[in-house]
Amino acid sequence: MKHDRIHFGADYNPEQWPREVWPEDIRLMREAGVTAVTLGIFSWASVEPEPGRHDFSWLDEVMDLLGEAGIAVSLATGTASPPTWFSRLHPETLPVNRDGVRLSPGSRQHYCPSSPVYREAAAGLAALFAKRYGTHPALALWHVGNEYGCHVRECYCEVSTEDFRAWLRARYGDLDTLNDAWSTTFWSQRVSDWADVLPPRTAPTFRNPAQELDFRRFSSDALLACYRAEREVLRELTPGVPITTNLMGMWEAVADYPSWAPELDVVALDLYPEPKDPAAHVDAAFFHDQMRSLGGGRPHLMMETATSAISYRPPNRPKRAGLNRLWSHQAVARGADGVMYFQWRASAGGAEKFHSAVVSHGGSDNRIFRETAALGAELAGLRDVAGTRVPAEVALVFDYANWWSLELDARPAELRIPERVRAHYLPLWRENVTVDVVTPEADLSGYRLVVVPNLYLCTDEAAANLRRHVEGGGHLLMSFFSGIADACDRIRLGGYPGAFRDLLGLRVEEFWPLSGGETARLDTGRQADLWADHIVPEGAEVLARYVDGPLAGEPAVTRHAFGAGTATYLGTRPDERAMRELVRDTLRRAGVRPVAFGLPEGVEAVRRGDRLFLLNHNDHPVLAAGTELAPLGVAVLKEGR
Ligand code: GAL
Ligand code: ZN
């Protein structure tokens with residue numbers, strides 16, 4: 001899809017409707033300012049109703065209708081949900097869960113990611129699409145599969161087991177290396193034959209953490225291989241057409257997205273912030289930052305979001321008037337060149353019939369359609385924002401292997417990456433500081449400050465990278481339980497945190513998790529909870545100490561001058577106010593300037609290209625940077641006005 005406008009549109013599923021409805025769809029699309037649709041995501045059974053018998057006639061017609069209306073098509077390859085006959089003929093392609101239960105068809109995504117039968121059939125279907133529509137004037141983008149791993153992110157069947165073994169052979173070469181990587185001398189888990197290497201199926205108690213971690217890595221790669229199989233075919237047959245699949249903005253570690261991103265011509269995001277959640281917009285901001293960063297700063301697409309209610313989180317609260325507009329502008333502000341909805345027309349039947357759409361069950365004479373159409377017109381006016389960049393001076397480190405391993409069993413405390421990342425992101429968001437979301441190994445040279453929430457698992461490369469950043473004059477803010485384990489989840493021996501002792505100028509002797517609402521007061525007048533490192537400074541200056549709790553008198557927060565920069569370390573979880581003060585102080589030290597100063601609470605400011613976006617997330621009007629904003633109001637100002 002060309003970055004010559006802010007695209008506006010929806011998933012379009014015309015196969016759910018009789019032909020008579022299609023011209024009406026097109027008419028309403030024009031009325032709503034639709035510039036693009038994603039077509040055919042669940043169309044496999046409609047284009048191949050029986051094995052080998054194809055019927056593209058309906059799709060031909062729809063493609064032509066859209067083309068004539070000047071609506072760009074992101075055309076799906078239809079492979080996200082195999083037809084019933086496929087599962088009947090190839091039952092071995094159905095995925096098996098951890099307990100050994102083979103899942104049935106009857107919903108969607110019922111395929112084993114490692115299945116060569118599924119992969120081949122999917123690539124074959126993609127080829128048919130490519131041959132038929134590759135030169136169609138409406139075709140703008142290939143949409144491969146759909147939300148890989150949304151429901152089935154791993155499979156424990158025999159085929160997957162064999163594939164896992166092959167993946168491990170490629171990673172470790174031989175069994176000795178594998179045994180070493182998996183620390184199998186513990187609990188007598190040593191393997192002497194590849195046939196004994198298994199996926200982490202349901203077992204009496206805690207499974208081997210390195211095995212679990214590798215299985216997550218492998219499963220991400222297996223899903224990616226499905227995407228690649230189709231992409232290869234499409235690339236060969238239609239070299240000029242960009243290709244993507246939709247990633248998900250949610251707090252689940254579905255797949256290692258940084259390894260996927262280079263394979264996507266444009267990063268596409270599905271985002272369903274919960275209208276009931278008062279902090280939903282902060283999470284949404286984070287996911288936009290993540291997707292923009294995955295594309296190396298290139299604009300992303302918000303491929304799916306809801307005009308109003310979301311059907312899978314009852315009670316299904318609608319978005320109140322103005323909320324869709326606000327959140328759609330947030331997407332554009334943070335780098336999206338497209339706002340698209342699931343779906344165009346609300347389904348009359350099926351599992352998601354209560355999910356909001358652009359055209360509701362009652363048609364178009366209603367608030368949702370009117371608001372959506374008004375937004376379409378408004379986004380058309382932001383044409384020259386398309387393709388522009390969102391600058392950021394702060395990077396937040398986010399790593400999937402760390403996420404997977406940190407949340408495994410038998411850690412000193414139950415730490416959750418979503419909570420940990422939010423705790424670091426929120427104060428930055430509140431200060432109106434734009435953040436890129438990066439891997440620990442990423443090039444950090446453009447950033448003044450790097451924020452590292454709880455990087456428990458840390459590769460040697462990451463450790464060297466963060467160290468280099470500070471040495472060269474960058475600043476760092478890191479939270480407890482970082483740099484503890486290597487890439488195989490083995491402890492870095494010789495004193496915690498093995499990867500960062502010299503960088504932080506300290507040693508952690510013991511972990512003192514605080515449990516069940518237990519808190520510790522700090523000598524700054526603030527409080528902390530969840531965790532307390534017993535810190536022994538080795539050059540670091542102490543910024544805060546515990547007044548009470550298990551470590552009364554000991555350091556809680558430290559700072560170390562290292563090379564030309566500084567490394568600030570939080571040995572605990574400070575309360576929200578303390579966290580904000582610390583972040584503010586670190587930003588000042590790093591010389592990071594917010595996008596705008598002195599804005600009222602709840603107003604988000606983002607700079608993109610030559611525009612300043614002001615987004616009022618409050619239910620009351622505010623005056624922000626000299627601009628009046630209505631409740632849930634938006635202003636897009638030209639810089640230097
Ligand atoms: C997405 C999916 C869509 C639709 C939507 C609303 O996860 O890609 O097909 O299901 O959620 O629930
Ligand atoms: Zn399988």
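One-based numbering, in listed order, for ligands and for the atoms of each.
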Compute both the distance and the angle, then confirm whether R345 meets the cation-pi test with W17: under 6.0 Å from the six-membered ring centre, within 45 degrees of the axis. yes
Under 3.5 Å, is there a donor on one side chain and an acceptor on the other for W142 and T244? no
Any idea which atoms of ligand 1 are less than 4.0 Å away from a heavy-atom of F42? 9 (O)
Between the side chains of T202 and D99, is a donor N or O closer than 3.5 angstrom to an acceptor N or O? yes
Quick one: does H136's side chain have a donor or acceptor within less than 3.5 Å of a partner on A138's backbone? yes
How about Y257 and Q290: does a side-chain donor come under 3.5 Å of a side-chain acceptor? no
If the cut-off is 4.0 Å to any non-hydrogen atom of N146, which atoms of ligand 1 fall inside it? 2 (C), 8 (O), 9 (O)
N, O or S atoms of the protein lying under 2.8 Å from the Zn ion (ligand 2): C112 SG, C155 SG, C157 SG, S160 OG
Looking only at non-hydrogen atoms, the one of E352, E147, H355, M248 nearest atom 12 (O) of ligand 1 is E352
Heavy-atom contacts with Y312 under 4.0 Å: which atoms of ligand 1 show up? List them by number with element. 12 (O)
If you count the atoms of ligand 1 from 1 in the order shown, which ones are under 4.0 Å from a heavy atom of D270? 8 (O)
List the atom pairs, donor and acceptor, that lie under 3.5 Å between side-chain atoms in residues 354-365 and the rest of the protein, sequence neighbours left out.
unit_1: H355; atom_1: ND1; unit_2: S311; atom_2: N; d: 3.3
unit_1: H355; atom_1: NE2; unit_2: F342; atom_2: O; d: 3.2
unit_1: S356; atom_1: OG; unit_2: T307; atom_2: OG1; d: 3.4
unit_1: S356; atom_1: OG; unit_2: S308; atom_2: N; d: 2.9
unit_1: S356; atom_1: OG; unit_2: A309; atom_2: N; d: 3.2
unit_1: S356; atom_1: OG; unit_2: A309; atom_2: O; d: 2.7
unit_1: H361; atom_1: NE2; unit_2: S347; atom_2: O; d: 2.7
unit_1: H361; atom_1: NE2; unit_2: K353; atom_2: O; d: 3.2
unit_1: D365; atom_1: OD1; unit_2: R370; atom_2: NH1; d: 2.9

Check this for me: does any side-chain nitrogen of one of R153 and E252 sit under 4.0 Å from a carboxylate oxygen of the other? yes
Quick one: sort the W44 and F86 rings into parallel, tilted or perpendicular, breaks at 30° and 60°. tilted
So, does R108 sit close enough to ligand 1 that a heavy atom of it is under 4.0 Å from the ligand? yes
Protein heavy atom at shortest distance from atom 3 (C) of ligand 1: E304 OE1, 3.3 Å
Within the 4.0 Å heavy-atom cut-off, what I41 brings close to ligand 1 is neither
What protein heavy atom is closest to atom 5 (C) of ligand 1, reported as residue, atom name and distance in Å? Y272 OH, 3.3 Å
Would you call D60 and R132 a salt bridge, using N to O less than 4.0 angstrom? yes
Under a 3.5 Å threshold, yes or no: a donor from one side chain and an acceptor from the other, between N246 and E147? no
